[in-house]
Amino acid sequence: TCALPICFPVTIAPVKLPTMHCPRSSDVDFANGTIRVNKSYNSLLRLTASPKTNNSYRDIQLSGEMLNTLKTLVNALYTNPTCCPTSYLFYLDMPFNHMMIARAMNKACKLAGLTHITVHALRHSHVSLLINMGFTPFEIAKRMGHTVSMVEEVYGHWFKDSQRSMVERLDEVADKLNKPKSDRLN
């Protein structure tokens, strides 16, 4: 069992459940700080397959804390004689399943005193956070494995607040430009 840091939900949120099940240790690029999403897992058929869409294929940038945790995990895996670069990152001989993830999430929520949160809800929270941080639909789509139109369609109502902020910032620029040149230098 691996104790994952608090950054794990924020870091892994861009990954849909079927693709979260099956990263292999060889999918982590420590030099560039990324994890490659290039496969999906069908738990009914118990087989690894291609992701659902072309946008699902991507490299996700990881935080330093998450990289260090994955490095520790991979090093621990390689002390196991049955482990190799094609071993699954979170479970050696097969992908972990949806119930394992759900149980871990329920336990974490209970420990934190939170109500039940699904892994998929973390994706929506992640997008909300990215929108509030000022990232564009293009940047968000690239990270989440969506199209820009999908981000705008699903999350467009969350961009309305960013429109208000945008106008406020434009007003600040206009105010500075309308000041006499001597005042603008200050």
Side-chain angles (χ1 to χ4, degrees), residues 1-24 27-28 33-44 46 48-49 51-53 55-74 76 88-92 94-162 165:
T1 308
C2 171
L4 293 172
I6 195 69
C7 70
F8 182 74
V10 173
T11 303
I12 212 69
V15 183
K16 291 180 180 177
L17 265 176
T19 52
M20 188 192 308
H21 291 239
C22 56
R24 298 180 185 275
D27 292 327
V28 181
T34 60
I35 187 166
R36 172 153 292 151
V37 176
N38 59 3
K39 57 191 138 319
S40 182
Y41 183 70
N42 183 322
S43 55
L44 292 175
R46 295 182 181 207
T48 303
K52 194 165 75 172
T53 67
N55 288 338
S56 296
Y57 291 90
R58 63 199 187 282
D59 291 340
I60 298 173
Q61 195 71 45
L62 300 173
S63 71
E65 185 180 1
M66 191 69 221
L67 272 173
N68 289 336
T69 300
L70 289 177
K71 197 174 288 185
T72 301
L73 177 63
V74 169
Y88 290 103
L89 191 55
F90 300 112
Y91 207 74
L92 284 178
M94 61 184 253
F96 60 177
N97 64 42
H98 180 74
M99 288 311 299
M100 295 165 104
I101 298 167
R103 275 194 298 273
M105 282 292 296
N106 288 337
K107 184 177 179 181
C109 287
K110 192 173 183 177
L111 285 171
L114 300 172
T115 59
H116 173 74
I117 300 171
T118 65
V119 174
H120 192 76
L122 290 176
R123 286 178 57 80
H124 293 297
S125 297
H126 191 72
V127 170
S128 175
L129 177 63
L130 295 175
I131 290 168
N132 283 310
M133 292 174 78
F135 290 99
T136 67
F138 175 79
E139 293 166 314
I140 294 168
K142 191 139 180 78
R143 181 162 179 81
M144 302 303 291
H146 291 318
T147 61
V148 172
S149 62
M150 185 188 299
V151 169
E152 289 171 341
E153 185 178 311
V154 175
Y155 304 104
H157 60 286
W158 289 345
F159 283 97
K160 290 188 186 352
D161 287 339
S162 65
S165 173

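Keep in mind it's a predicted model, so treat the numbers as computed, not measured. Heavy atoms only: backbone and side chains are in, while hydrogens, waters and symmetry mates are out.
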Heavy-atom side-chain proximity of [X] to [Y] below 4.5 angstrom:
X	Y	result
Met66	Leu70	yes
Val127	His146	no
Met150	Met144	no

At what distance, to the nearest 0.5 angstrom, does [atom1] of [X] lie from [atom2] of [Y]?
X	Y	atom1	atom2	value
Ile131	Glu139	CD1	CD	11.5 Å
Arg58	Asn38	CZ	CG	11.0 Å
Asn106	Thr115	CG	OG1	10.5 Å
Leu129	Ile140	CG	CD1	9.5 Å
Thr34	Leu62	OG1	CG	7.0 Å

TODO: Indicate the atoms forming the closest heavy-atom contact of Ala141 with Val148, along with that distance.
DONE: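 For Ala141 and Val148, the tightest heavy-atom pair comes out as CB-N, 3.7 Å.
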Open item on the list: Restricting to non-hydrogen atoms, name the atom on Leu67 and the atom on Gly33 that form the minimum distance, rounded to 0.1 Å.
Closed with: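 In terms of heavy atoms, the two residues are closest at CD1-CA, 3.3 Å.
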Open item on the list: Main chain of Asn68, side chain of Thr72: is a donor-acceptor contact present, judged purely on distance under 3.5 Å?
Closed with: yes
Task: Tyr57, OH: over 12 other non-hydrogen atoms inside 6.0 angstrom - done: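 Yes, because the 6.0 Å sphere around OH of Tyr57 holds more than 12 heavy atoms from other groups.
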